[in-house]
Amino acid sequence: MSAEYLFYWSMAATGLGLVLIGLWGVLTRKHILRIALAFTLADTGVNLILVWSGFLPNRAAPIIDSSVTTVVDPLPQALVLTSIVIGVAVAALFVVVGVLASRKSGSADIRHMKELRW
Amino acid sequence: MNMSLFAAASIGTGIMMIVAAVAALIVKKLISAIIIVGFVSLSASLLFLLMDAPDVAITEASIGAAISTVIFLWGRGKIGGEQ
Amino acid sequence: MVKALAVFLPLLGAFINAWLPGKHSKASRFVSYTVLTAGLAFVVLLSIQLGAWNLADLSNSVIFHSGVGSPPLSINLEITAGGTLAALAMYAAVIFSIHRFALHTPKSQPLILAMLTASLGLLFATDIFNSFVFLEIGSIATIGLTAASRCGSRWEAAIKVALVSGLVTILYLLAVAVLYRSTGMLTMAALGSLSGGAAVLVSILLLTVIVTELKAFPLAGWGLDFYQGASSNVAGLYSATWSLAVLMWAAKVLPLLPIGNPIIYAWIGAGGLVLSQLAGLRAGSAGRILGYSTSAYASLLLVAAGTTTGAFYTRTVLVLMVFSSLSKFSLFMLGNPWKNRGWSGYGTVLMLIPVLLLAGIPPLPVFWAKFAFLKHLALHFPVVFYAVLAGLFLEAVYLFRFWADRSEKISVKAFSKPSAVAGVFIILVAAIWITQLWWGQLDFSGSIIASSTLRNIFHALFAAGTLLCLPGVFKRIGSERNYWFWLLISGASLTLLPAAGNGITFYILWEISAFAAVVGVSKGTGARNGAFWYAVFASFSGYLLLAGILLSRGSFVMAGLPALLMTLAALVKLGQFGTHLWNVRTYPAAPGTMPAYLSGTASKAAVLLLVAVALNATGGALPWGRAMAWAGALTALAGAVLAALAPDYKKLLAYASVSQIGYILVGLGLASILGWTAALYHTVHHMIFKMALFLGAASVLYRTGTTRFNNLGGLVKKMPWTFAFTLIAVISFAGIPPLAGFGGKWLLYNGLVEAGWLPILIVAMFASVVAFLYSYRLLHGVFLGQLSPKNAHAKEAPLALLLPQGILAASIMVLGFKPTLLLNILVPALKAIPGLSGLAPVIQGDMVLTTMGTWNAWMVGIMVMVVFGIAFVFYWISGHKPKYVGQLDIGFAGEMPPSADEVHYSNNFFRPYTRALAFLPRIHAEKIFCGVSKTFSMLGDGVRMLFTGDGRTYLAHSLLFLVLLFVFLNGGM
Amino acid sequence: MIRTIVGLAIVLVLAAILITVVDDYTVPSALSGVGELYTQTGVEDTGSVNLVTAVVVAYRGLDTLGEVVVLFSASTAVVLILTLIPIGANPTPPSSIVAFTAGILPGAIILFGIYIITHGHLSPGGGFPGGAVVASAFLLVMLGSNTIPDKSKFLSSIESLAGLTFGLLGFWGMFTLGQFLNNLVIPAGSPGRIISAGIIPLISLAIGAKVASELSGIFSSYRKAGGEE
């Protein structure tokens, strides 16, 4: 296993790990903000994986000038820019709705938000 | 060699992030959790830099780490207290 | 230019709107309306340019380029012809509903416009990541609108949408990463070039995302909660814009997924359809019911994606999804819970149109698409076909219940009047436009009933029955509403029914007549429940018929299973004992002359169906004829017993109707010329006397306002003509010569003896004896005995009700004395049918000869009259003088009469018989039905245990679904 | 407890699936697909030296527009919800350190943000990070002041104007070149200069202004919600 290999795949592993931890948190945490935090973690992980999907070791950032010709893929980075901003927008809304929902149900515990069922 | 340094950095950061992520979910205090998640975001922006994505790194640092954290802190203040 | 404006004008409007301060809501409304109208105009232009009016070819499209360069480098939107039609619907829905948001939350307009932009974007998107961005806009707008509405559970609904959209984001971006890493492209077309592990991964991720977003079972939980919790404005807008967009997007993506064999979609869809609709039966709130319906349509989409391709797929999906979304939109807008300002009579119908659209009842547009789709399934995917049919029936059941429960409470004001009118207009235009595509399938060359004689008999029967009900339509009492229009529609399509040349034509006319009658019934006082039962059984029989027709390739020619299904359809429609529940609930509830029409005329459609099935499938003799005859005989007996015990005039007649139908079944089951003669003779006869009786009941109701025997009696003095006509009818159906009823029974018994079916003969004869009981009760309870003081003011029925009765009574006399008038037509026609066994009765003058004996109607009539005359003379000269006392004159008993009702002699009239025959009603069908419905409820409850209400459970569902998909796909590969 | 274990099981199975399904555990050596094309023709096509900005603003401008709408919707929704339902809390007065910092830093931060925005086509940065930086300056101002700034007319004007500008720039491309959001409606100029890359700087400005004003709007309505008791 070369250093390059480790470098490359450790990125993916970190991203995947964050996604899975985030999903686990989403499934198991009770506090509504904890769930939002878990989503943020998973989001970060997904963003890492996305950037990684266009990443090549031994290349330069995608800013072309006279000295640089071999760069990494710019597209996933562009996607991740979008994804990060979307993530914060969703988080902002989630937090607001979560705060108000917890005020309505008198607790931030998601198990108490089961008025709608069946 | 340069590459092994990169590998060490990325693996180290990665392990740190994963540990932090788990900690964020199981730590008692919500405020610690929020700060830890902010820290994970900041580390992620380091990884973005390592992956030759400076644009993403800047954005993650300013939006993911800073602004998200502020938002969560606000939410914590409004919900009040821990679970 | 036009392309860009059609998609992005709402967005510009949103930006401008956000800038306008909230106080000046007029200005922002002006902006919204301007932008929406202009955008709509551009969409119309586009759809004309693309030739979208021609549903047969929706392949045209224009490309909307954006950015620099061309795909895959840049993004484009493909504006398809079908897409423009969906866009039209979205625009229309927003224009229709935005004023309501403007009233309640003026500042929500930017969000609505953003949601519209997202829907349009998703509709036309061709890029995977671009779709993601639009998906996020849609979720955010949904969450925002939900949370900003004024509805108690809005936070919970919003939280669940937010949770799910968070999960969807993660799974989707994972799919994007895998797709990009392995193909280097993000266009939808790139999905096709995936292979190996990446193909599996992207497929399961995207399929999970799609099924979650579609709210298809089993991932429907969050959607149901959302529909239940969101305000009806938001839910309505959501279904017409965002939900529709997601459906169309899924329809676009599903065929592109590298999933191997797309039949897996059909399995997910069909299984989900049945299970979710079972759970839907138990849904309580209006929003949740419509949520289940949404889930049903999502499942249908999956089935379509798994079983159809090409232009057929596009068209089916488009019509189904656009119209179901629009229907749900209007139901949400109409069923608005906090806008109930009383309701007007139009409300029922206004609400029924979308319900019928959703249930796919002809001739509404969804039907055509559904029919073509089901036909395809029946031919190629029989198991899926049965599942889909079952699911659709269950959906119809709870939709009708929704209608029956809710339509009391709706107000036309929920829509402004002009927009309601415009909406109905739009639906009508769309219906006509869509119908013309399939119009060619209709066939009126009359090949279903080959014999023109039989055809003409049925034509005449239906036409006469409808016409005789018409004079009385304005004699309504209490809160009964106008029903003549629906009676006319129903009667007209019935009259056309015998002319149907193929299955689809027959089915359409059948359903139109049934559902027009449903509306008619619903106009009665407190008749919602009756209408509901009618609707449920009508759609049950309709789906059986449809299954039969589709399995026999759109025709009637197949023996075996298709013929059996159609026979069952007819039995349900006839009210065969066991399914008679709807008769006895519907007939008494129907207004005015409607029961006469339903019992006398409309039920004969089922006889026609039986005849058609027998003639086409086997040339006359159905293999299950004997079973049918048994069923008929038992029906006759059980119906008669229940009729005798009925406490209500109309109910008694309803049970009597069930009973009499039994004789027809016995006759048809015999499959001999004699049996058929008896059956068809009795069909005509039943129509005549049952209409006379129900019209008599209508007259009594009209004059006294009640049909309870306890409150009736002694009306002979007040309503002598009505009594006379009823008497004639009663004598006739009791089978007493000289009137027409005797002949039918004589022929039938002859037939039974000829076939040697003696046990059936005995049961049928016993039933005739019981018939005496209830016919006596009928006469005595209503007309004879003491006049209730409440009815002292009653007078003779109005001419509009009396005249038809007179005509019917006269025809009973004519038919009684000259049965050969009918038999001369009937017998030759039946003799020509090869499948019927036995010898034909011979007709010589007034004499009818069979192997068993001779029947001379004139002679019998005169003899009976002579005997009666002698008896009457004896009675007269015996000088018996009864003492007439008032109803409350029971002073000699030393008691104060508690109330007139209880001392009425009709109270517990048949108490001795009730005791003696108690075992018969005890096994009556209600219990069986209770059992059936309990079973279904339990199943439904079991299914809905899945939906725990905890948002995290729904996320777990999605992830488990993903795992199962993986297992399934890897197992299959 | 059961839930924790079931959650863990689900997640582990997911991990197993993801790991077993991937059948290519190599390190790629060359770009494939569109990535390669962007690196070859990106500068030529758009005039932007920073390829990420070229993709964000020019090639996939539609995504960016959509993303701006995401932010717009979220901000509108937050403002809408919080104006409809005032939820109270006790605003704490800023500490002296915060107040001091808030007096000095914002100007510098805003300048930095504008630099990031305007140099998006030359160096790392662009509308999103720049806008976020500017918004953080606004946040600082807000934290440092005792008064509760409304989501003022000024903010919503900037928000709307920026959005409209973005949209209209898009239509400009549609009109002249037949492609929505094409950045070459004016000459590209020479790559590497500040005035180059067609209208990318303009679009970046619009994005930056939009992002900054949306995020500030969210903050200010948070703040407002906290202040109304």
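Just so it is clear, the structure is predicted and the values come from calculations on it, not from any experiment. Chain letters run A, B, ... following the sequence lines, proteins first and then strands; every chain starts at 1.
- Once rounded to the nearest 0.5 Å, the distance linking OG of C:Ser74 with CG of D:Asp63 reads 10.5 Å.
- Note: C:Val68 leads C:Asn17, C:Val68, C:Val133 in heavy-atom pairs under 4.5 Å with chain D.
- Only the side chain of C:Ile204 has a heavy atom closer than 4.5 Å to any heavy atom of chain D.
- Here the closest heavy-atom approach between residue C:Leu12 and residue D:Gly167 is recorded as CD2-CA, 4.1 Å.
- Summarising the geometry of D:Phe180 relative to C:Ala4, their closest heavy-atom pair is CD1-CB, 4.2 Å, with the distance given to 0.1 Å.
- Residue with the most contacts toward chain C among D:Ala58, D:Gly61, D:Gly170: D:Ala58 (heavy-atom pairs, distance under 4.5 Å).
- Contact of C:Leu113 with chain D is not made at all, since no heavy-atom distance falls under 4.5 Å.
- Shown here for C:Pro110 and D:Thr76, the closest heavy-atom pair between the two residues is CB-CG2, 4.1 Å.
- Contacts between D:Thr20 and chain C at a heavy-atom distance below 4.5 Å involve the side chain alone, from C-beta outward.
- Pairing each heavy atom of C:Leu111 with each of D:Ser73, the nearest pair is CD2-O, 3.5 Å.
- Proximity to chain C (any heavy atom under 4.5 Å) is restricted, for D:Phe171, to the side chain, taken from C-beta onward.
- When heavy atoms are compared at a cutoff of 4.5 Å, C:Thr953 approaches chain D by way of both its backbone and its side chain.
- Contact count against chain D (heavy-atom pairs under 4.5 Å) is highest for C:Arg952 among C:Lys3, C:Glu136, C:Arg952.
- Nearest heavy atoms, D:Val69 versus C:Ala114: CG1-CB, 4.2 Å.
- From D:Ile81, atom CD1 reaches atom NZ of C:Lys107 across 14.0 Å, with rounding to the nearest 0.5 Å.
- D:Leu65 touches chain C through its side chain: at least one heavy atom from C-beta onward sits under 4.5 Å away, while N, CA, C and O do not.
- Contact of D:Val13 with chain C is made through the side chain alone, with heavy-atom distances under 4.5 Å.
- Interface remark: C:Leu11 contributes side-chain atoms only to the contact with chain D (heavy atom separation under 4.5 Å).
- In this structure, the portions of C:Ala14 lying under 4.5 Å from any heavy atom of chain D include both its backbone and its side chain.
- Within residues 123-132 of chain C, the residues having any heavy atom less than 4.5 Å from a heavy atom of chain D are, in residue-number order, C:Asp127, C:Phe129, C:Asn130.
- Between C:Leu960 atom CG and D:Ile10 atom CD1 the span is 4.0 Å, to the nearest 0.5 Å.
- With a 4.5 angstrom heavy-atom cutoff, C:Leu186 touches chain D only via side-chain atoms.
- Taking both residues in full, the closest heavy atoms of D:Leu62 and C:Ser66 are given as CB-OG, 3.6 Å, listed atom of the first, atom of the second, then distance.
- For the pair D:Ser160 (side chain) and C:Phe15 (backbone), a donor-acceptor distance under 3.5 Å is present.
- D:Tyr38 touches chain C through backbone and side chain together, each having a heavy atom under 4.5 Å away.
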Query raised in the report: Would C:Ile137 and D:Phe72 satisfy side-chain contact (heavy atoms from CB on, under 4.5 Å), going step by step from the backbone distance to the final call?
Result: CA-CA 9 Å; C:Ile137 304 175; D:Phe72 167 78; over 6 Å; no

